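Order of the sequence lines sets the chain letters (A, B, ...), proteins ahead of strands, with each chain counted from 1. It should be emphasised that the depicted structure is a prediction, and the values quoted were computed from it without experimental measurement. The analysis underlying the following values was restricted to heavy atoms, covering all of them including side chains, and did not include hydrogens, waters or symmetry mates.
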2 protein chains.
Amino acid sequence: MAEGVQYRRGNLREALLDRAIAVLRERGADALSLRELARDVGVSHAAPARHFADRGQLLDALSVAGFAVLAERIRDAVASDDEPGVRARRAADAYLDFAIGEAKLVEVMFRHEDGRDAEAIGRSATAAFAPIQDLFPHDEEGRAATVFLATLQGIAGLVNCGVVPAESVPGLADDAIARFFAPGADDEQGGGR
Amino acid sequence: MAEGVQYRRGNLREALLDRAIAVLRERGADALSLRELARDVGVSHAAPARHFADRGQLLDALSVAGFAVLAERIRDAVASDDEPGVRARRAADAYLDFAIGEAKLVEVMFRHEDGRDAEAIGRSATAAFAPIQDLFPHDEEGRAATVFLATLQGIAGLVNCGVVPAESVPGLADDAIARFFAPGADDEQGGGR
DNA sequence: ACCTGAACACCGTTCAAGT
DNA sequence: ACCTGAACACCGTTCAAGT
């Protein structure tokens, strides 16, 4: 009852990643073991080394995959011709849904580990966040967009660690949107109007 | 060259925690091993079990200790008779300093782990954040305070994971303070004035 | 009460060897 | 090119036994 995607040769890397994401969701990053993944997928314990030089590279691959999914969610959310506040609200909801629904994965994605491939992860993260930058056209330094993003990530973090109950998320999102997208909210930040 | 606080009998728990915080700062939570701590402190590998039933309880204890330090930093920062915006700015700086300076510890503090003692950690977290709630006297539901806190935590998180460079923190803090404490910033949130 | 030593069942990682 | 099997040095956790 362990394997979700059968290993059929040539796709060991994919099979390991698929199984890894399942274990991650169920039991968290600390429970991820290369040996167990190999066992689940029906391969020798040394086989994963060919595709992931060490455990850290597996986590890096999961992070990049996670940011790719997040990028899609955000892209879909902002894709409309509505006013910025409405699009921002959709982006916020999409972000919070993902960051809270996939809490364990998001924790890995935002992990600060010394041996990580910061280059690849940073690239995929920046790409995922680009549509949010576009919601602040007058924000040349990207401050407002970054702080808005930080606010969303922070709300998700407080919920995920249990400090804030999940039921209060919609209200918190209301407050955040009002602060960043109320008429004139940008006036003090030097962004023109 | 390992031991920082010598174990002198009767304080094994303290000695292990002191050594643990040092290892955590140097090499991160994943590198924390009960056996290594026992070795560093000069005790048998089974001795820690008396004080921490498992590895998770060690992390819980580190979290509670971390929130105690954070509580002190926040308390000191808001302790003045200045206007709320100034006190909030000091609290924000203190929070960001701590959350970025002690990134590895903060990651443990905000970790979402299934077997954690959510009761004790939640209590110490709420206590640490209480002074920030007080900065929003008209915020009866605690929304503004929570979102402000989320914003700070989010900024620290983005810096710690490498998405945002540390140099931009002061500018981001400026933006955040302006959104939450500019004259009239509370008007739209139903907080009266 | 507090700690030790041995034991068990796991890990990650490496490396010769197979096909 | 890709995988296996054995090997090494680690883990966490438990538990009888010592003082």
Side-chain angles (χ1 to χ4, degrees), chain A residues 1-3 5-24 26-63 104 107-108 111 113-117, chain B residues 1-3 5-24 26-63 104 107-108 111 113-117:
Chain A
M1 61 160 163
E3 40 269 279
V5 169
Q6 275 301 359
Y7 165 55
R8 280 193 188 86
R9 178 186 219 111
N11 64 329
L12 178 54
R13 189 188 148 95
E14 310 301 319
L16 289 168
L17 281 176
D18 279 349
R19 181 63 196 145
I21 184 91
V23 172
L24 179 60
E26 285 167 28
R27 311 194 329 255
D30 284 359
L32 274 176
S33 140
L34 291 171
R35 284 180 106 111
E36 182 183 313
L37 295 176
R39 234 180 289 131
D40 289 348
V41 120
V43 91
S44 100
H45 68 258
R50 201 71 40 175
H51 303 280
F52 306 104
D54 56 29
R55 198 174 169 279
Q57 290 200 4
L58 172 71
L59 295 179
D60 286 356
L62 288 172
S63 297
K104 307 253 173 85
E107 196 177 307
V108 170
R111 195 106 116 191
E113 209 74 38
D114 287 336
R116 303 198 70 169
D117 184 355
Chain B
M1 57 161 167
E3 40 269 277
V5 168
Q6 276 300 0
Y7 165 54
R8 279 192 189 87
R9 178 186 220 112
N11 64 330
L12 178 55
R13 189 189 149 95
E14 310 302 319
L16 290 168
L17 280 176
D18 279 349
R19 181 63 195 146
I21 185 92
V23 172
L24 179 60
E26 286 167 28
R27 315 197 321 262
D30 284 358
L32 274 177
S33 139
L34 290 171
R35 283 180 106 111
E36 183 184 310
L37 295 177
R39 234 180 288 130
D40 290 348
V41 120
V43 91
S44 103
H45 69 258
R50 202 70 40 175
H51 302 280
F52 306 104
D54 57 28
R55 198 173 169 279
Q57 290 201 3
L58 172 70
L59 296 178
D60 286 355
L62 288 171
S63 296
K104 307 253 174 84
E107 197 176 306
V108 170
R111 195 106 113 190
E113 209 75 39
D114 285 338
R116 303 198 69 168
D117 184 356

Undergrad: Quick one: does Val41(A)'s side chain get under 4.5 Å of Asp18(A)'s, heavy atoms only?
TA: no

Undergrad: So how far is it from Phe52(A) CZ to Leu34(A) CG, rounded to the nearest 0.5 Å?
TA: 8.5 Å

Undergrad: Verify salt bridge (Lys or Arg N to Asp or Glu O under 4.0 Å) between Lys104(A) and Asp114(B), making sure each step is shown before the conclusion.
TA: CA-CA 10 Å; Lys104(A) 307 253 173 85; Asp114(B) 285 338; 3.4 Å; yes

Undergrad: Pick the nucleotide of DNA chain D nearest each of His51(A) and Arg35(A); which residue has the one closer to the 5' end?
TA: His51(A)

Undergrad: On DNA chain C, nearest-nucleotide positions of Ser33(A) versus Ala46(B): which is more 5'?
TA: Ala46(B)

Undergrad: More 5' along DNA chain C: Gly10(B) or Glu36(A), using each one's nearest nucleotide?
TA: Gly10(B)

Undergrad: As a check on the pairing definition, encode DNA chain D in dot-bracket form, counting Watson-Crick and G-U wobble pairs whose two distances are under 3.5 Å, and using | for partners outside this strand.
TA: ||.|||||...|||||.||

Undergrad: Report the C-alpha separation of Arg19(B) and Glu14(B) in whole Å, then their side-chain angles, then the decisive distance to 0.1 Å, and conclude whether the salt bridge (Lys or Arg N to Asp or Glu O under 4.0 Å) test is met.
TA: CA-CA 9 Å; Arg19(B) 181 63 195 146; Glu14(B) 310 302 319; over 6 Å; no

Undergrad: Shoot me the first and last contacting nucleotide of DNA chain C against chain A, ordered 5' to 3', at under 4.0 angstrom to non-hydrogen atoms.
TA: dC11(C) to dC15(C)

Undergrad: Determine whether Val23(A) and Glu36(A) make a side-chain contact, defined as any pair of heavy atoms from C-beta on separated by less than 4.5 Å.
TA: yes

Undergrad: Within the 4.5 Å heavy-atom criterion, are Arg116(B) and Ser63(B) side-chain neighbours or not?
TA: yes

Undergrad: Under 4.0 angstrom, heavy atoms only, what part of the nucleic acid is Arg55(A) near: base, sugar-phosphate, or nothing?
TA: sugar-phosphate

Undergrad: Is any side-chain heavy atom of Val43(A) closer than 4.5 Å to a side-chain heavy atom of Leu37(A)?
TA: no

Undergrad: Does a side-chain heavy-atom distance below 4.5 Å link Arg111(A) with Asp30(B)?
TA: yes

